[in-house]
Each structure stands twice: as C-alpha cells, then as structure tokens.
Asks: 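Could you have a look at this structure, given as structure tokens, before my questions?
The basis for the numbers below is simple: all heavy atoms, side chains too, and nothing from hydrogens, waters or symmetry mates. In what follows, chains carry the letters A, B, and so on, assigned in the order in which the sequence lines appear, proteins first and then strands, with residues in each chain numbered from 1.
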Amino acid sequence: MLIREKKEKVHGLPDLDGVEGKVVMRIAPGPSGPLHIGHTRVGILNDEYVKRYGGKLICRFEDTNPDKIEPDAYDMIKEDLEWLGVDISEYAVQSERFEYYYDVTKKLIEMGHGYMCTCDADEWRRMKEDMKPCPCRDLSAEENLRRYERFLSGGYADGEAVAVIKTAIDHPNPAIRDFVALRLVRHPHPRTGTKYIAYPMMNLSVAVDDHMMGMTHVIRGKDHLNNTHRQEYIYDYMGWKKPEFYHYGLVNIPDTVLKTSLIKQSIKDGEYSGWDDVRTGTVRALRKRGIRPEAIRRYWVENGIKPIDIQFSWDNLFAMNRDLIDDTADRYFFVADPVRYDIEGGGDLEGRAPLHPDHPERGWRCYQVGGHKTVFLSETDSLMFSQAGRVRLKDLCNISYGLPAQYDGNDVSILREGVRAIQWVCNDSVPAEVLMPDGTSVKGLAEKAVLDGKGDMVQFERFGFVRIERRSPEGVLCIFAHR
RNA sequence: GCUCAUGUAGUGUAGCGGCCAAUCAUUCGGCCCUUUCGAGGCCGACACCCGGGUUCGAUUCCCGGCAUGAGCACCA
C-alpha cells in the first residue's frame, strides 16, 4: 500500500549542537518594565528548545542597575511570560546573588586576572584605545586585594574605583580589551536598599550565574556577541565549561513604541492609559488587542535563530493571528459614522445571517425591519451608495438610491452584476466604539446581537477583527486587532 | 577609526556542490466559490549583493570588494 506523504515541509527550528540529554537554558530580562514584542523572541526560542529536549528554563531577573528598575516589573514580566505560554521552571534574582559575584572577583584578582582600577574613567578608556595598560593594571595581587577589601567596605566614593577583568590589552578588537566587573553605586536598590554598594556589571554576573546555574545552551541577541567574548575570559580563567552560545540577529520593529523609558514617561504624563496602551508594542497591549500568544510563538519559530538582522512584519504576525481566530470569531455588522436611510416600499422586511458563515450550527442573527424601515449605513458606504445608485443590504434586501431609499427586491443575483453588498444596522442597534492602534477611536453602531455573544474576538464584517473589551446595555467597547 | 557578524523575492524563511531556471508563509494581482474587500480553491508576479578563484559543475566552499547591523559604557 502506497501512502504518499504530503509534502508538508513545516520549517521548525534547527537542532541545537552539543545536546547531551536534557538542556538548561535561560532568559534574563532586566526588570525595567513589562515585556514588549521584541522581548518575546528570546522567551519563545528558549522555551521551544527546552520543550523539545526537556530540562529547565530559568528566568533570571538582571536587576544590577538600581537606576533602571521598575519595582512592578518583576511581577509584570512573570505575568507576560505565563500568558505567552513560556514555561519557567525557576526564577532567580541577581540582586540576591551579589556574594557569588564578589567571591569570583576575589578569586580572579588573586590569580592575577583582575585588578582594582582607581584611574579616571575617561583616562582609562583612552589608554585602552591606545592598547596601553593603566598604572593599576600591573599592581601586585596583594595590593589589588587590599584595594578590593577597601572597595567592598566603602572606602571609595562612587566612581573612584572599579574592579576590572583583564583580557588582552592589545586585543585587536577594542570591544574586548579589559572590562569592568564591579562598580560602586550608592543609589538605593528597590529590593536590597543600601545593603550593597558594589554592583556587578553584566559580564561578571552573567558569566557567574550561567556557570553556577548549569547553562548548557545560551540563546541571545547578536548585540551580545562581544559580551560573550568577554565572558569567555572568565570561563577560561576559572576553568569552567562553556555553554553553547547562539546569537540571533537584531529585529527592527517598525511603527510602534517600544522604549520602556518613553512609555513610562507617557504614562506618568497621562498620555498613555498604562502599560497596555494599544499604541505601544508591549505584550499586554497586544493581548488587549486580541493577538493570541500562539501567533507570536509561530512568528518567532518561523523566523528561526539565524544571526541575520531582520525586519519585523506586523502583516505576517496579523496573518498568523487571523488564521487562529478566524474560525472562532463570530460575525457581526458594524457601521462607522452612521448615516440614516428610510426605505420606501416592500412592506415589512426580515432576514437572517449565520453567526459564522462556516458554522451555521452556532446560530443566527435575525432581522425584522418594519415601520419606517430605518437603517444606518457607514459614511463611506453611504457615499458609495449615492454614487452607485444601487446596493444590497447584506442578508436583507436590495435598495436603490433616493431619500427615502427605494426597496428594490430581494434578488441576490444582482451581486453578479457588480452591485455591492454592504453592512447595515437597524433601529435596535447599539452604540459601538472601536479603539484603534493609533490611539484614535471609531464610533458607530453595531447590531444588537453582539451583546449576546460569548467570545471576546469577533469580526465586524468588512471592518476587521476586534476584541470586545466591554459589553453593556449601553453598547460595546472594542479594541481593533487587524483586518 | 578599529573589531565582529550577516548578505536568497516587498517581508520572513528553506537550501548545507549537481535532484534549484530555487521551498514555504506572508504580500500584491487575476480567476473560481461566496449575500464580507473574511475563509477556502486555482493561477500568476517578485530573489540567490558584486568580482575573482577552487571544481566537470557553486546559491551552496575560499578570497576580495561593497552593503547593512552591532560593539568599542563604571547600561543590560
């Protein structure tokens, strides 16, 4: 028996190198705000691999810069990850792990791989550019250890001294030459207050934690390529086994506000409604608009982990989301900027339409239009009607232009002649408002049946998919997702 | 300036020396179906950065150029 396999080449993620049994991977967000669409890539990719191979996914909060911490971010990020379906096995917080960083720094200084630099920061940088060691670099380990003790116990002012890891002062790549491991910050930390004054720089804390937590594979953005090289010095000095490193390309996300500090300021100024303001690209904003986490996942999986810089495509994401919601979203008529028409002739009218054209079993919207037979058309359809002279009110009847409009039979076949079918609502419609991603809102009328719906995603025919934020007898408030 | 990375259609992706006059998705156009400009079906449009080399043969390997991006922070 020959069963021809369907040539269904779904492009999944490539296998990782060096997998022996289970994997340990991580994501390492800085808690400066909730996650945005750009952050979701690293979460999804790591999650996909941990699910493929089994093992652990650690979420490690990198809160080693007390200036940039938003105290609520720890919880918001956790919520965002849960919604995304990224399964975190363990959470860790770097501000609770300072002793480890101090310990490793001390060992590195003892071995002569690190030094305490008291030079002026600009001066030190200039010397590095010229491949020249600063005077502190060649001090004895004993002297450096004395300085290190003084450093930890508060004997220096902020900026007066730093702990530095030696690499190669004459390394051809200036980005790799000696890097700072610890600095002094007396600004209080939202979690640890003033308990610590010596703060690790990411290259120290990341290397120490990745090793201690047993990372087997590290996936992160290409912008960290040089950081990886720097961290490898620590691995080599300490004799640690290195994880497999992967660097995916940078993502350019157009037409959206992502910068955390900017969003934060706009919220403070009262311009944005919050972290979920639909004008932003935060995960919570996308969620509010009705973007499904599965769509975001599929998007990143299809993008892979190549180190090529890419252009983010909202079109592609929306197409994937449409795929997911199309089957479940019931259909309703919505009329923006309504224009009233009465219909003359034809007696009382009635009609009906399925909640979903592919699922008549879900039920029907039924219309009865009597009396003056008042209907409302959207402003743009009204204009089109006046020009075309004839139009079909979808699922009700045909009309020809006039004031009042004239009943023109109920023969569907006129659609084949090029007459357009348009959406309409009658007198018992309810007010509807659709919040658009650009911050504007479209006001109009929706058919009454929308109040009885259950799902939160619906399609306003010929308008787009919207998420229903609130149903009340006074009307519906919706958020626009996409066409 | 130095260093690193990358270069397949509008966008993203497959390809790992011949099966590629190049895959899939999206986008756009047309047709069919349809009482949505949705979904579905069919058809079509658009790409291997350039120049050398290796080879019987290169999108695939090597070198150079060009382009793009990133890093050279006491941010992450």
Asks: Quick one, give me the B/S/- string for nucleotides 39-50 of chain B, reading 5' to 3', where B means a protein heavy atom under 4.0 Å from the base and S means that only happens at the primed atoms, P, OP1 or OP2.
Replies: S-----------
Asks: Contact class for A/N227 (heavy atom, under 4.0 Å): base, sugar-phosphate, or nothing?
Replies: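 Base contact.
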Asks: Name the nucleic acid region contacted by A/A319, choosing base, sugar-phosphate or nothing; use a 4.0 angstrom heavy-atom cut-off, strictly under.
Replies: sugar-phosphate
Asks: In whole Å, what is the span from the CG atom of A/L13 to the C1' atom of B/G12?
Replies: 14 Å
Asks: Side chain of A/N65 only, heavy atoms from C-beta on: which candidate in B/A76, B/U34, B/U26 is closest?
Replies: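 Minimum distance to the A/N65 side chain belongs to B/A76.
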Asks: Name the nucleic acid region contacted by A/P66, choosing base, sugar-phosphate or nothing; use a 4.0 angstrom heavy-atom cut-off, strictly under.
Replies: nothing
Asks: Under 4.0 Å between a side-chain N/O of A/R125 and OP1 or OP2 of B/C72, yes or no?
Replies: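 For B/C72, neither OP1 nor OP2 has a side-chain N or O of A/R125 closer than 4.0 Å.
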Asks: Heavy atoms only, 4.0 Å cut-off, all strands: where does A/P357 land among base, sugar-phosphate and nothing?
Replies: base
Asks: Taking all atoms of both residues into account, what is the closest heavy-atom pair of A/P29 and A/L35, and its distance?
Replies: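 Closest approach of A/P29 to A/L35: CB-CD1, 4.5 Å.
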Asks: Could you tell me whether A/C119 contacts a base, only the sugar-phosphate backbone, or nothing, with contacts defined as non-hydrogen atoms closer than 4.0 Å?
Replies: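 It contacts base atoms.
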Asks: Can you check whether A/G155's main-chain N or O pairs, donor with acceptor, with A/R150's side chain at less than 3.5 Å?
Replies: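 Such a contact is found between A/R150 side chain and A/G155 backbone.
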Asks: Quick one: which of B/G38, B/A76, B/G12 gets closest to the side chain of A/F465?
Replies: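 Nearest to the side chain of A/F465 among the choices is B/G38.
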Asks: Could you tell me if A/R191 sits above the aromatic ring of A/F61, with its cationic atom closer than 6.0 Å to the ring centre and no more than 45 degrees from the axis?
Replies: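 Pair A/R191/A/F61 does not count as cation-pi.
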Asks: Determine, stepwise, if the pair A/D122 / A/R125 fulfils salt bridge (charged side-chain N to carboxylate O under 4.0 Å, His left out).
Replies: CA-CA 5 Å; A/D122 294 329; A/R125 214 175 298 130; 3.1 Å; yes
Asks: Please report the shortest heavy-atom distance between A/A163 and A/T105, naming the atom on each side.
Replies: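 Nearest pair, atom of A/A163 first, then A/T105: CB-CG2, 4.0 Å.
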Asks: Under a 3.5 Å limit for both distances, which nucleotide forms a Watson-Crick or G-U wobble pair with B/C28, could you say?
Replies: B/G44
Asks: What do the steps show when you test A/Y102 against A/Y148 for ring-ring contact (aromatic ring centres under 6.0 Å, His included), and what is the final call?
Replies: CA-CA 10 Å; A/Y102 296 163; A/Y148 185 51; 7.2 Å; no
Asks: Say you pick atom C1' in B/A47 and the same atom in B/U27; how far apart are they, in whole Å?
Replies: 15 Å
Asks: Send over the distance from A/N203 CG to B/A76 P, rounded to a whole Å.
Replies: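 Value for this atom pair: 9 Å.
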Asks: For the pair A/R26 and A/D210, find out whether any cationic side-chain nitrogen is under 4.0 Å from an anionic carboxylate oxygen.
Replies: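 Looking at A/D210 together with A/R26, the answer is yes, because their closest N to O distance falls below 4.0 Å.
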Asks: Taking only side-chain nitrogens and oxygens of A/K306, does any of them come within less than 4.0 Å of OP1 or OP2 of B/A14?
Replies: yes
Asks: Within the structure shown, what part of the strands sits under 4.0 Å from A/N303 by heavy-atom distance: base, sugar-phosphate, or nothing?
Replies: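 Contact class for A/N303: sugar-phosphate only.
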Asks: Who is the Watson-Crick or G-U wobble partner of B/C20, with both distances under 3.5 Å?
Replies: none
Asks: Is it true that A/R126 and A/E129 have a side-chain N and a carboxylate O under 4.0 angstrom from each other?
Replies: no
Asks: Using purine N1 to pyrimidine N3 plus N6-O4 or O6-N4 for Watson-Crick, or N1-O2 and O6-N3 for G-U wobble, both under 3.5 Å, which nucleotide pairs with B/A9?
Replies: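 None - no nucleotide pairs with B/A9, as no candidate has both distances under 3.5 Å.
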Asks: Could you check whether A/E129 gets within reach of a base, just the sugar-phosphate, or nothing at all, counting any heavy atom under 4.0 Å?
Replies: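 A/E129: no heavy atom of the nucleic acid under 4.0 Å.
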Asks: Using whole Å, what does the distance between atom P of nucleotide B/G38 and atom CG of A/L324 come to?
Replies: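 Distance check: A/L324 CG to B/G38 P gives 18 Å.
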Asks: For A/I58 versus A/A92, what's the shortest heavy-atom pair and its separation?
Replies: CG2-CB, 4.5 Å
Asks: Select base, sugar-phosphate, or nothing to describe what A/M201 touches, counting heavy atoms under 4.0 Å on all strands.
Replies: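 It contacts sugar-phosphate atoms only.
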Asks: Assign each of A/Q311 and A/M320 to its nearest nucleotide of RNA chain B by heavy atoms, then name whichever residue's nucleotide is nearer the 5' end.
Replies: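 Nearest-nucleotide comparison on RNA chain B picks A/Q311.
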Asks: Heavy atoms from C-beta onward define the side chain here; which of B/A76, B/U36, B/A14 lies closest to that of A/R462?
Replies: B/U36
Asks: Within the structure shown, what part of the strands sits under 4.0 Å from A/T64 by heavy-atom distance: base, sugar-phosphate, or nothing?
Replies: sugar-phosphate
Asks: Any donor-acceptor pair under 3.5 Å linking the side chain of A/D80 with the backbone of A/P34?
Replies: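 No, the answer is negative, given that no donor and acceptor are paired below the 3.5 Å cut-off.
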Asks: Please determine, for B/A70, whether a Watson-Crick or G-U wobble partner exists with both distances under 3.5 Å, and give it or none.
Replies: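 Check on B/A70: paired to B/U3, both distances under 3.5 Å.
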Asks: What integer distance in Å separates A/L415:CG from B/U34:P?
Replies: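 Between P of B/U34 and CG of A/L415: 11 Å.
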Asks: So what does A/V412 hit on the nucleic acid, given a heavy-atom distance under 4.0 Å: a base, only sugar-phosphate, or nothing?
Replies: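 Answer is base: heavy atoms of A/V412 come under 4.0 Å of a base.
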Asks: Please work out if A/G159 contacts a base, only the sugar-phosphate, or nothing of the nucleic acid, heavy-atom cut-off 4.0 Å.
Replies: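 Since a base atom lies under 4.0 Å of A/G159, the category is base.
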Asks: What is the distance from CD1 of A/I308 to C1' of B/U11, rounded to the nearest Å?
Replies: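 The distance from CD1 of A/I308 to C1' of B/U11 comes to 13 Å, rounded to the nearest Å.
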Asks: Is there a donor-acceptor pair under 3.5 Å between the side chain of A/R289 and the backbone N or O of A/A481?
Replies: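 Yes; judged by distance alone, with no hydrogens or angles, the pair exists.
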Asks: What is the distance, rounded to the nearest whole Å, between atom CZ of A/R420 and atom C1' of B/U34?
Replies: 14 Å
Asks: If you compare all heavy atoms of A/P14 against all heavy atoms of A/R52, which two are closest, and at what distance to 0.1 Å?
Replies: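 Nearest pair, atom of A/P14 first, then A/R52: O-NH1, 3.4 Å.
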Asks: Tell me which nucleotide, if any, is Watson-Crick or G-U wobble paired with B/C37 when both distances must be under 3.5 Å.
Replies: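 With both distances under 3.5 Å required, B/C37 matches none.
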Asks: Nearest whole Å is fine: how far is B/U6 C1' from A/N252 CG?
Replies: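 Answer to the nearest Å: 15 Å.
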Asks: Given atom CZ of A/F179 and atom C1' of B/A76, what is their separation to the nearest angstrom?
Replies: 15 Å
Asks: Tabulated below should be each protein N or O lying under 3.5 Å from an N or O of nucleotides 66-71 of chain B; please produce it.
Replies:
residue, atom, partner, partner atom, Å
B/G69, O4', A/D309, OD2, 3.3
B/G69, O2', A/D309, OD2, 2.8
B/G71, O2', A/N226, ND2, 3.1

Asks: Under 4.0 angstrom, heavy atoms only, what part of the nucleic acid is A/Q459 near: base, sugar-phosphate, or nothing?
Replies: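 Base, at least one base heavy atom under 4.0 Å.
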